[in-house]
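Below is one structure, written out as structure tokens; the observations come after it.
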Amino acid sequence: YKKTFERTLKDMSKTEENLSSGKKFLRPSDDPIGVSRSLRLNTDVANMAQFKRNAEDAASWLDTTEMAMNNIIDVLQRARELTVQAASGTNSPDERNATATEISQLKEQLVNIANTNYAGSYIFSGFKTNQAPLASDGKYSFDPASPLKSTEQIQFNVGIGDRMTINFTAQKIFGVMTNTSGVDDPINPSPTVSNTNTPQMIEVFNRLIDDLQNGKTTEINNALGRLDIQLNNANAVRAEIGVKSNRLDLTINRIDDDSINLQDLLSKNEDADIAEVIMNLKMKENVYKASLSGGANIIQPSLIDFLR
């Protein structure tokens, strides 16, 4: 009888704990399988929260990159407008020099855009995020013996087995001069020239400034084709940024859906049914009261008990 009484009291106390906490179990011994599943679900929920933070950080990085690309395209379009005006043979030397001055300012703006910074990191510097990609003279700031590589891709983990590259190196956007002519070298320098530390885009502006100052009308006209090549490349990069941004938006939405689903599963696994718990508690209270009443009837007090 004593063991039955103690077991009933213990069960009632445990049910009261379930009611006060709102949980099905409070310790591993209550439900080892349920606890194990909760640990796994809690880990999944934490992972989803981290994936979302990563995706949001990646989206902010891409937003900054897109703004930089928009500024680059604006600069190139303005340079093209000025070049179209200057290509006319009717411009005076003073007008061409004024145009060259504005083109110089646009080149400086390109250098500033190339050194765009996000949260303390230079977005176009590949893995060398603590170093500005371009020096004040418009040349790459990296040691030619250890140049910036297009393969320096920064990846964010935005899901299980889902890693996304979110950076664009300065070389991809501004290009590199080589000592060969062709698609990768719109300026066609002499085959003996090796100027791999100068961005193509900056060299286009350098050449245009020189042509304007020296009144080289034919070369000024040729600059339009060079600017168009840079504009096409910049627009292609901006389109790629848009594709990545759209994918990140879809990824964030998926993470939100997965998080809600995991939270629902966790709630079903852990949270107690309050109505059921109250009913069980009332039943155990009745059993407990019945035990007390039965014990009182079984153990009747005697005169000896009173004398004690």
(request) Please collect all ring pair (Phe, Tyr, Trp, His ring centres under 6.0 Å) contacts where either partner lies in residues 64-101, sequence neighbours excluded, each pair once. (result) none

(message) For Glu203 and Arg226: C-alpha separation, side-chain torsions, deciding distance, then whether salt bridge (charged side-chain N to carboxylate O under 4.0 Å, His left out) applies.
(response) CA-CA 10 Å; Glu203 189 64 20; Arg226 299 165 186 162; over 6 Å; no

(request) Please answer whether the main-chain N or O of Arg96 pairs with a side-chain N or O of Asn91 as donor and acceptor at a distance below 3.5 Å. (result) no

(message) Could you walk me through whether Arg80 and Gln77 satisfy the side chain to side chain donor-acceptor pair (under 3.5 Å) test, starting with their C-alpha distance in whole Å, then the side-chain angles of each, then the deciding distance to 0.1 Å, before giving a yes or no?
(response) CA-CA 5 Å; Arg80 195 182 190 286; Gln77 288 175 337; over 6 Å; no

(request) Please name the pair of heavy atoms, one in Arg247 and one in Arg163, separated by the smallest distance, quoted to 0.1 Å. (result) NH2-O, 4.4 Å

(request) Please say which of Asn70, Thr65, Asp63 ends up in a side-chain contact (heavy atoms from CB on, under 4.5 Å) with Ile241. (result) Thr65

(message) Are Thr43 and Arg40 packed together at the side-chain level, in the sense that at least one heavy-atom pair is separated by less than 4.5 angstrom?
(response) no

(message) Between Asn261 (side chain only) and Asp257 (backbone N and O only), is there a donor and an acceptor less than 3.5 Å apart?
(response) no

(message) Looking at every heavy atom in both Phe127 and Gln153, which two are closest together, and how far apart are they?
(response) CE2-O, 3.1 Å

(message) Whether the side chain of Ser125 engages the backbone of Gln131 through a donor-acceptor N/O pair (distance < 3.5 Å, no angle test) should be reported.
(response) yes

(message) Please give me the minimum heavy-atom distance between Phe124 and Ile173, naming the atom from each residue.
(response) CE2-CD1, 3.1 Å

(request) Can you measure from NZ (Lys172) to CG (Asn233) and round to the nearest 0.5 angstrom? (result) 7.0 Å

(message) If I compare all heavy atoms of Gly138 with all of Ile202, which pair ends up nearest, and what's the gap?
(response) O-CG1, 3.7 Å

(request) Please check if the side chain of Asp162 supplies one atom and the backbone of Val158 the other of a donor-acceptor pair under 3.5 Å. (result) no

(request) Check whether any side-chain N or O of Asn167 sits under 3.5 Å from a backbone N or O of Glu152 as a donor-acceptor pair, and report yes or no. (result) yes

(request) Could you tell me whether the side chain of Asp264 and the main chain of Ile260 form a donor-acceptor pair under 3.5 Å? (result) no

(message) Using a strict threshold of under 4.0 Å (side-chain N to carboxylate O), is an ion pair present between Asp258 and Arg254?
(response) yes

(message) Would the distance check show the side chain of Ser60 and the main-chain N or O of Glu56 forming a donor-acceptor pair, the cut-off being under 3.5 Å?
(response) yes

(request) I would like to know whether Gln213 and Asn97 meet side-chain contact (heavy atoms from CB on, under 4.5 Å); could you show each step before the answer? (result) CA-CA 6 Å; Gln213 291 173 340; Asn97 285 331; 4.1 Å; yes

(message) Ignoring hydrogens and geometry beyond distance, is a side-chain donor-acceptor pair present between Asp57 and Tyr118 at under 3.5 Å?
(response) yes

(message) Between Asn115 and Tyr122 (side chain of the first, backbone of the second, donor and acceptor by atom type, cut-off under 3.5 Å), is there such a pair?
(response) no

(request) Spell out, as yes or no, whether a donor-acceptor pair under 3.5 Å connects the side chain of Thr165 to the backbone of Gln155. (result) no

(message) Determine whether Phe205 and Val75 satisfy the following criterion, side-chain contact (heavy atoms from CB on, under 4.5 Å), listing intermediate values before the conclusion.
(response) CA-CA 11 Å; Phe205 278 72; Val75 169; 4.2 Å; yes

(request) Examine distances only and state if a side-chain atom of Thr83 and a backbone atom of Leu224 form a donor-acceptor pair shorter than 3.5 Å. (result) no

